[in-house]
Amino acid sequence: MTKYADRIRISLLLLRLGVFLVMTMWTLDKFFNPGHAAAIFEKFYSIGGVGVGIVIVIAAIEMVLLLMFLAGVKKTLTYGLVLVLHAGSTLSAFNQYLAPWEHLLFFAAWPMLAACVALFLLREIDTCFTLGGKQARLAQAQTQAG
C-alpha cells in the first residue's frame with residue numbers, strides 16, 4: 001500500500017509543479033508586459049481600461065497565491081482559488097474552442113483544468129514537499145499506518 005501512496009504523492013507534486021509553472025508564466029507576463037495582460041482582460045473578460053498599476057497589483061496578489069499553492073499552504077483556499085482562476089480563464093476563451101484549427105493551443109487549458117480539479121479533490125493527500133500543517137501531518141500519519 002505504501003508503494004501506491006508514495007506514487008500518488010509524487011504524482012500530485014508533479015501536477016502541482018506543472019500548474020505552478022504555467023500560472024507563474026502568466027503572472028510574470030503581467031509584470032513584464034502589463035499591456036498584454038490589459039488586452040487579455042479586455043478581449044476575454046470584457047474588462048476594459050485596466051491600467052498598468054492595477055495589472056501589477058493583480059500580478060503581485062497572484063504571485064503570493066501561487067507561492068502559497070506551491071508550498072501547499074491553506075490548501076482548500078489556495079488550491080480552490082487556483083482552480084477558480086484557471087477555470088475562469090479556460091471558460092472565458094469559449095469562442096476560441098468554436099474554431100479549433102485556428103486556436104489549437106487553447107485546448108491545452110483543459111488538461112490543466114483537470115489537473116487543478118484533481119489537486120483540489122486530493123488536496124489532503126498532496127503532502128510531498130508541502131508546508132500544509134495539520135492536513136500534511138494527518139495524511140502522512142494515515143500513509144504510515146496504511
Side-chain angles (χ1 to χ4, degrees), residues 1-47 50-97 100 103-146:
M1 185 66 161
T2 349
K3 172 175 73 170
Y4 295 113
D6 289 343
R7 288 179 184 178
I8 291 169
R9 289 178 59 237
I10 291 168
S11 297
L12 292 171
L13 170 65
L14 293 173
L15 286 176
R16 187 166 19 101
L17 289 171
V19 169
F20 173 79
L21 174 64
V22 172
M23 293 196 75
T24 296
M25 294 310 294
W26 280 103
T27 301
L28 290 175
D29 183 60
K30 288 178 180 77
F31 281 119
F32 296 123
N33 193 358
H36 178 246
I40 288 172
F41 277 113
E42 188 163 349
K43 179 175 181 173
F44 292 102
Y45 305 106
S46 300
I47 302 172
V50 178
V52 171
I54 293 173
V55 171
I56 298 296
V57 168
I58 290 169
I61 293 168
E62 276 182 20
M63 190 56 73
V64 170
L65 169 64
L66 291 172
L67 290 171
M68 290 175 68
F69 169 80
L70 178 65
V73 175
K74 303 276 186 200
K75 292 179 188 176
T76 300
L77 176 67
T78 58
Y79 288 32
L81 285 173
V82 165
L83 170 59
V84 166
L85 286 175
H86 186 62
S89 173
T90 301
L91 297 174
S92 73
F94 186 77
N95 287 335
Q96 310 309 310
Y97 307 120
H103 306 285
L104 198 54
L105 193 55
F106 278 83
F107 284 85
W110 291 99
M112 187 165 138
L113 182 58
C116 291
V117 170
L119 283 164
F120 183 78
L121 293 175
L122 300 173
R123 64 193 177 275
E124 290 88 6
I125 59 173
D126 180 16
T127 58
C128 193
F129 297 109
T130 65
L131 304 173
K134 181 175 70 174
Q135 290 176 332
R137 287 190 302 274
L138 175 63
Q140 287 172 342
Q142 289 172 341
T143 299
Q144 290 170 354

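Keep in mind that what you see is a predicted model, and the values were worked out from it rather than measured. Just so you know, these numbers use all the heavy atoms, side chains as well, and skip hydrogens, waters and symmetry mates.
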State, with a plain yes or no, whether a side-chain heavy atom of I125 is found less than 4.5 Å away from one of R9. no
List the atom of C116, the atom of L83, and the distance in Å for their closest heavy-atom pair. CB-CD1, 3.8 Å
According to side-chain hydrogen bond (donor to acceptor under 3.5 Å, both in side chains), does anything in residues 87-96 pair up with another residue at least two apart or in another chain? List the pairs. H86-T90, Q96-H103
Shortest non-hydrogen contact between P100 and F107, atoms and distance: CB-CE1, 3.6 Å
For atom CZ of F129, is the number of surrounding heavy atoms from other residues, nucleotides or ligands below 6.0 Å larger than 12? no
Scanning both residues in full, the closest heavy-atom pair of D29 with A37 reads OD2-N, 4.5 Å
F69 CZ to T130 OG1 distance, which is reported to the nearest 0.5 Å: 12.0 Å
F120 and T76 have their tightest heavy-atom pair at CE1-O, 3.5 Å
I'd like to know if the side chain of R123 and the backbone of G80 have a donor-acceptor N/O pair within less than 3.5 Å. no
For the student: nearest non-hydrogen atoms of M23 and V82, plus distance: SD-CG1, 3.5 Å
Return the CZ to CG distance between F20 and L15, rounded to the nearest 0.5 Å. 15.0 Å
With a 4.0 Å cut-off on N to O distance, would you call K75 and D126 a salt bridge? no
Distance from I40 atom CD1 to W26 atom CH2, nearest 0.5 Å? 4.5 Å
Value rounded to 0.5 Å, distance of SG in C128 from CD1 in I8: 12.5 Å
In this structure, CZ of F32 is separated from CD1 of I56 (nearest 0.5 Å) by 9.5 Å
Under 3.5 Å donor-acceptor, T24 side chain and L21 backbone: no
Got a list of side-chain donor-acceptor pairs under 3.5 Å for residues 61-68, not counting sequence neighbours?
| unit_1 | atom_1 | unit_2 | atom_2 | d |
| --- | --- | --- | --- | --- |
| E62 | OE1 | T27 | OG1 | 2.8 |
| E62 | OE1 | K30 | NZ | 3.2 |
| E62 | OE2 | K30 | NZ | 3.3 |

Rounded to the nearest 0.5 Å, how far does CE of M112 lie from CG of L119? 10.0 Å
How close do Y79 and G72 get, counting heavy atoms only, and between which atoms? OH-CA, 3.9 Å
